[in-house]
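Written out below as structure tokens is the structure these notes cover.
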Amino acid sequence: MTQTAPPPVQRPPAAPSRRPADATAERSVRTLVSPLALARRRGKVTYWAVFALVTALFVFAFLFPVYWMVTGAMKPPEEVVRTPPTLVPEQWRVTGYTDAWDLMRLPTHLWNTVVQATGAWVLQIVFCTAAAYALSKLKPVFGTVILGGILATLMVPVQALVVPKYLTIADLPLIHVNLLNDPLAIWLPAVANAFNLYLLKRFFDQIPRDVLEAAEIDGAGRLRTLRSIVLPLSRPVLGVVSIFALVAVWQDFLWPLMVFSDTGKQPISVALVQLSQNVPLTVLIGAMVIASIPMVLMFLVFQRHIIAGISAGSTKG
């Protein structure tokens, strides 16, 4: 009699092992409040209430000083210094702005600032971009030593360079030309910006070498590659460098005060201090509001480039 073998014992299937990627994904979604609590109606209401409150506080913290400055120029002088202060002007007047425009000669000083900032920006973009491209892609002899020397200047305090810069501008070496009361006194020192040069070089280092080699195969020279390949790819970082260059000149006070003794050639940052002694407070506030408008407009124009430049180095293509 033949004996049949017993059927094999069926074991329950083993639980699938959790892969490291799944564990990492699970850890990445953990927040202060669990997703289960946020899925409930009470959790959603609490979340959006807290979000709206925090957003409102940040908006108030950033916009209230702007509102206070704009409305301060529309109050009478005695109302500005009143205690307790008034949040809304009792009498809305625009004479603070019109008097600031005429008495403080804002058109002249704004134009001086535009000329000085534009020249410094153009020269800085041209020379810093060329130097960064050479150090990054052309690999000159002793390039590392040159870059180290450039970065070493960042360790020197700005105040320690004021006197050497002034002596150089007062008597330019070799040609012995006095550049005081001249826009070149602002343009030339602004060109030697080690931080912007290093920022451009780091961005150029991320450009793939294959792209440049393909341009060389097509017959493009060094300058053609820089103009047609590198610069179009570098728009985000060029926007950031432009912001840094323009803001640095626009808000600088000590150096323009030293090199511009002629009040008719002073920028707006120096003129506001020099002419603030004999004008009412509302006129001074109005002048400060008008002087801040170009910087606000510039930020609105370049904000997309600023965000793109900040995030450009966070990912590698």
Side-chain angles (χ1 to χ4, degrees), residues 111 113-154 158 183-252 255 267 294-317:
W111 175 249
T113 310
V114 169
V115 171
Q116 296 167 17
T118 304
W121 166 65
V122 171
L123 293 178
Q124 196 169 138
I125 289 293
V126 172
F127 287 98
C128 287
T129 301
Y133 177 70
L135 293 173
S136 176
K137 298 303 181 183
L138 303 185
K139 304 297 182 182
V141 181
F142 303 115
T144 305
V145 178
I146 295 174
L147 179 62
I150 293 174
L151 295 181
T153 60
L154 295 175
V158 179
L184 287 172
I186 302 295
W187 297 350
L188 295 182
V191 173
N193 193 306
F195 178 77
N196 287 343
L197 189 150
Y198 180 72
L199 192 65
L200 288 167
K201 181 189 177 299
R202 292 296 300 170
F203 189 91
F204 293 162
D205 290 341
Q206 298 179 1
I207 298 178
R209 183 66 186 176
D210 299 340
V211 178
L212 304 182
E213 291 178 352
E216 293 178 1
I217 294 175
D218 292 338
R222 301 294 187 181
L223 293 178
R224 178 65 182 276
T225 302
L226 174 62
R227 184 177 67 253
S228 302
I229 304 296
V230 177
L231 292 183
L233 294 175
S234 306
R235 289 179 181 176
V237 71
L238 290 177
V240 175
V241 170
S242 299
I243 289 291
F244 289 162
L246 292 174
V247 171
V249 176
W250 198 277
Q251 69 178 5
D252 194 10
W255 181 245
M295 288 291 98
V296 175
L297 294 178
M298 185 178 64
F299 172 77
L300 295 178
V301 171
F302 287 99
Q303 61 176 339
R304 185 175 63 180
H305 298 282
I306 296 174
I307 298 173
I310 294 173
S311 60
S314 60
T315 57
K316 294 187 64 176

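When reading the values below, keep in mind they use all heavy atoms of this one structure, side chains included, and skip hydrogens, waters and symmetry mates.
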Practice prompt. Walk me through it: do N196 and V240 pass the test side chain to side chain contact (heavy atoms under 4.5 Å, CB included)?
Written response: CA-CA 9 Å; N196 287 343; V240 175; over 6 Å; no
Worksheet item: When you look at I150 and Y198, which way does the side chain to side chain contact (heavy atoms under 4.5 Å, CB included) test go after all the steps?
Response: CA-CA 9 Å; I150 293 174; Y198 180 72; over 6 Å; no
Discussion item. As a quick check of understanding, evaluate side chain to side chain contact (heavy atoms under 4.5 Å, CB included) for L197 and L135, giving each step before the final call.
Written reply: CA-CA 10 Å; L197 189 150; L135 293 173; 3.9 Å; yes
Practice prompt. Give the intermediate values and the outcome of side chain to side chain donor-acceptor pair (under 3.5 Å) for residues T113 and W250.
Written response: CA-CA 7 Å; T113 310; W250 198 277; 6.0 Å; no
Worksheet entry | Verdict with supporting geometry, L199 and C128, side chain to side chain contact (heavy atoms under 4.5 Å, CB included) | CA-CA 10 Å; L199 192 65; C128 287; over 6 Å; no
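The line from CG of L212 to CG of L138 is 9.5 Å long, rounded to the nearest 0.5 Å. How far OG of S234 is from CZ of F204: 4.0 Å, rounded to the nearest 0.5 Å. Distance check: K139 NZ to T144 OG1 gives 7.5 Å after rounding to the nearest 0.5 Å. Taking OH of Y133 as the start and CG of L200 as the end, the distance is 13.5 Å to the nearest 0.5 Å. Here D218 contributes atom CG and T225 contributes atom OG1; the two are 9.5 Å apart, rounded to the nearest 0.5 Å. To the nearest 0.5 Å, the span separating CG on L238 from CD1 on I243 amounts to 12.0 Å.
Of the possible polar contacts, none joining the K137 side chain to the V230 backbone as a donor-acceptor pair under 3.5 Å is found. Looking at Q116, its side chain never comes within 3.5 Å of a backbone N or O of V249 through a donor-acceptor pair.
Nearest heavy-atom pair, M298 versus V247, reported as atom, atom and distance to 0.1 Å: CE-CG2, 3.7 Å. The heavy-atom pair separating V115 from W187 by the smallest distance is O-NE1, 3.4 Å. When all heavy atoms are compared, the tightest approach of A194 to L154 is CB-CD2, 3.7 Å. Shown here for W255 and I186, the closest heavy-atom pair between the two residues is CD1-CD1, 3.5 Å. Scanning all heavy atoms of the two residues, the minimum distance from I229 to L233 falls at O-CG, 3.2 Å. Looking at every heavy atom in both residues, A134 comes nearest to P140 through O-CD, 3.2 Å.
Between F195 and F244, the ring planes lie tilted relative to each other; the angle falls in the 30° to 60° range.
No more than 12 heavy atoms of other residues, nucleotides or ligands shown are found within 6.0 angstrom of CG on L223.
Contacts of K201 classified as side chain to side chain donor-acceptor pair (under 3.5 Å), with partners at least two apart in sequence or in another chain: D205.
E216 and R222 are joined by a salt bridge, as a carboxylate oxygen and a charged side-chain nitrogen come within less than 4.0 angstrom of each other.
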